[in-house]
Amino acid sequence: MASKNKAEKHPREMTHRALSHHKKQVRRQRFILFGGIAVLLAVALIIMAGWYAGEYVPMHKTVLQVHDTKFSTGYFIDRLELGLRTNTDSTKTVDDITSSVIDQIIQAELAKQSAAALGVTVSDNAVEELLNSVGFPLNKANRDAAYAQLVTQKMITDYFDTLVPVSDNQVDLKAIMVEDYATGLTVREKMMNGDNITALAEEYAQGYFSTTYKGDFGFHSLPYFQNQQIPSVPVDYAFGDGITAGTVSQPLTDNTSYKQMGYWVIKINDRPTDVSANVSAIFCTDKVVAASVRDKLAAGDNVTALAEEFSQYAKVPNGAIGIVNASDNVSGSATFVSQEFYDYVFNADTPVGEWSGPVLDTTNWTQGAYWVVLVADRQDNSALSDDDRQSLVDAAYYEWSSGLMAESAADVFNNFTTDLKAWAVDKAVSKVQ
C-alpha cells in the first residue's frame, strides 16, 4: 500500500524575540572580536612605541659631527666595538677606550677631509681588502677606521715624503752644557786640546740633553736637530754663518735650559729646639751667582729683593723658608728640600745669624747654564740618512695631523649626554661579550 506523501517541512521561523536575541549575540561577538583586535593593536603600538623611543631614536641620534658629516649612536657603537676588540693594552678601562674612540672618529674624519683637499684619497677596494684581510665586517664604522689607517700611510708616502729634501747642510755637533762660565772655559780648553768628549761630558755635563747624549749629538741637519728638540743655543751656533769644521765656541749663555743643581746661600736665624731651625735661604743658578748674592746679603742688602731677583726655589720665592724640622728630611715628602740643605742646617757647627757660602744642591733644578760647542764637521748639501729623512717626514705628518683639531674646533660637535653615552657603551660591550 503506497504511503502517503509526507508534508514538506519548512524551516522554523524565528520569533521576533529570538531574532532580537540572535542579533545581540552577533553584535557581542563582533565587539569581542574587534575589541580583541584593538587590544592587540594597542599592545603592538605600545611595544613599537617603546622600541621606537628606547632603541630607534637613540640609535639614530646624531652624537658627533665634523663639519657637515654626522655620526649616529649606532655608528659609534660599531666603532667602539671595533676599539674594544682590537685593544691590546690591559691597563685601559672601557672609559679610556670610549674616550679614545670618540677622538679617533673626529680625528679620522678631519684627516679624511683635509687629505682629500690635498688630493690624497683611498679607494673603496683598498678599504675592503684591508678589512677582509683581518676578517672585520664591512660596516660604515669599520670602513672609516680602515680608511683612516690607509690615508695616514698615503699622506706620509705620497705627500709629505715629497716635501722633505734628500740633502741639506749638516753638522757633526759635539756640545756640553756646564753650570757656569768658568767651568765652560775649562771645558773649552780641554776640547781644543783634543780631550775625549764622552769623558768630558761624564765629568762636567749638566742638563738632560747634555748628559743623555754624552756630549755627542751626531751628524745631522738643522731641521733634524730642531725636530729632536735639541736646545737652540748650541744648534744655532753650529749652523751660524762663518762657523767652520773644527771651531770650538766660547762659553755660550743659555737662559732657558734646566739643570739638576744649584747653590744655596743659607742663614740660620735661630734654633727654637735641637731639631728645628728658623731659616732664610736663596737658591741660585750657579756658584758665582751664589757667592755674589752672599756678599750682598752680608753687606745688608734686602733679603726679599735679592730672593725675588735670584732665587729659583719656587716653593719659597721670597727667601723666608721659616721653621724647618729634622723630621722633614724625608725624600719625596711635601716638606723635603734636599739632603745637602738639611746637612748644612742641622750641622752642629753651622753658626746662627751668618749667611753661608755657596752650598751645592744636586736635588733641585735651576734654569740657566753655558754651552761649549765643537763643530767637528760641517758639510753643505750632503745627503740625509734614511733614518733622518724618515724622522723628518713623520714629524711633518704629525705636525699637520695634530693641528687639524685646533683648526676645525668650531666645526666639531660632541652631542653625547652622560646617559646616552652609557647606553651606547653598554650596547657595544654586550656585542663584544
Side-chain angles (χ1 to χ4, degrees), residues 176-184 186-187 199-215 254-298 303-304 306-370:
I176 297 176
M177 191 177 88
V178 298
E179 62 177 274
D180 56 31
Y181 187 84
T183 305
T186 299
V187 170
L200 289 175
E202 289 176 350
E203 183 176 358
Y204 296 104
Q206 299 291 336
Y208 170 79
F209 288 98
S210 189
T211 56
T212 300
Y213 285 84
K214 299 186 183 305
D254 182 341
N255 293 321
T256 59
S257 294
Y258 286 85
K259 60 188 184 298
Q260 194 173 11
M261 66 158 297
Y263 288 87
W264 289 98
V265 181
I266 306 171
K267 182 172 78 170
I268 310 300
N269 299 310
D270 62 76
R271 296 185 184 276
T273 68
D274 293 340
V275 292
S276 65
N278 187 325
V279 179
S280 296
I282 296 176
F283 189 46
C284 302
T285 183
D286 60 51
K287 190 174 184 178
V288 174
V289 172
S292 174
V293 168
R294 193 267 179 196
D295 291 343
K296 292 177 180 180
L297 289 168
V303 177
T304 300
L306 288 173
E308 289 175 351
E309 182 178 358
F310 295 104
S311 186
Q312 300 203 22
Y313 189 61
K315 291 182 181 179
V316 188
N318 63 2
I321 304 293
I323 299 295
V324 296
N325 300 288
S327 59
D328 294 336
N329 188 13
V330 179
S331 181
S333 68
T335 54
F336 181 74
V337 180
S338 73
Q339 187 61 54
E340 297 94 336
F341 176 88
Y342 288 108
D343 287 347
Y344 179 84
V345 169
F346 292 105
N347 186 324
D349 296 331
T350 298
V352 175
E354 296 183 12
W355 285 101
S356 72
V359 176
L360 176 64
D361 181 332
T362 57
T363 299
N364 293 289
W365 292 73
T366 58
Q367 188 175 22
Y370 292 83

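Positions are given from 1 along the sequence.
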State, yes or no, whether a side-chain contact exists between [X] and [Y] at a heavy-atom distance under 4.5 Å.
X: Asp328; Y: Phe336; result: no
X: Leu297; Y: Ile282; result: yes
X: Asn278; Y: Ile268; result: no
X: Arg271; Y: Thr350; result: yes
X: Trp355; Y: Ser280; result: yes

Kindly give the heavy-atom pair with the smallest separation between [X] and [Y], and that separation in Å.
X: Val352; Y: Asp270; answer: CG1-CA, 3.9 Å
X: Asp361; Y: Ser338; answer: OD2-OG, 2.9 Å
X: Ala205; Y: Thr211; answer: O-CG2, 3.7 Å
X: Ala320; Y: Asn318; answer: N-OD1, 3.0 Å
X: Met177; Y: Gly207; answer: CE-CA, 3.6 Å
X: Gln206; Y: Glu179; answer: CG-N, 4.0 Å

Just verifying a value: how many Å separate [X] [atom1] and [Y] [atom2], rounded to the nearest 0.5 Å?
X: Ile176; Y: Glu202; atom1: CD1; atom2: CD; answer: 10.0 Å
X: Ile266; Y: Phe283; atom1: CD1; atom2: CZ; answer: 10.0 Å
X: Thr273; Y: Ile323; atom1: OG1; atom2: CD1; answer: 8.5 Å
X: Thr285; Y: Lys259; atom1: OG1; atom2: NZ; answer: 2.5 Å
X: Lys267; Y: Ser356; atom1: NZ; atom2: OG; answer: 11.0 Å
X: Asn329; Y: Phe346; atom1: CG; atom2: CZ; answer: 8.0 Å

Keeping [X] on the side-chain end and [Y] on the backbone end, is there a donor-acceptor pair under 3.5 Å?
X: Asn325; Y: Ser327; answer: no
X: Gln312; Y: Cys284; answer: no
X: Lys315; Y: Ala334; answer: yes

### Message
Before you tell me yes or no, could you show the steps for Thr362 and Glu340 under side chain to side chain donor-acceptor pair (under 3.5 Å), namely the whole-Å CA-CA distance, both residues' side-chain angles and the distance that decides it to 0.1 Å?
### Response
CA-CA 8 Å; Thr362 57; Glu340 297 94 336; 2.8 Å; yes
### Summary
Between Tyr313 and the options Trp264, Tyr263, Phe341, Trp365, the ring-ring contact (aromatic ring centres under 6.0 Å, His included) test singles out Trp264
### Query
Just wondering, more than 12 heavy atoms not from Asn347 lying within 6.0 Å of its CG?
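Above 12, so yes.
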### Task
Look at atom CZ of Phe310 and say whether more than 12 heavy atoms of other residues, nucleotides or ligands are closer to it than 6.0 Å.
yes
### Query
Do Thr256 and Asp254 have side-chain atoms, one donor and one acceptor, less than 3.5 Å apart?
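There is such a pair between these side chains.
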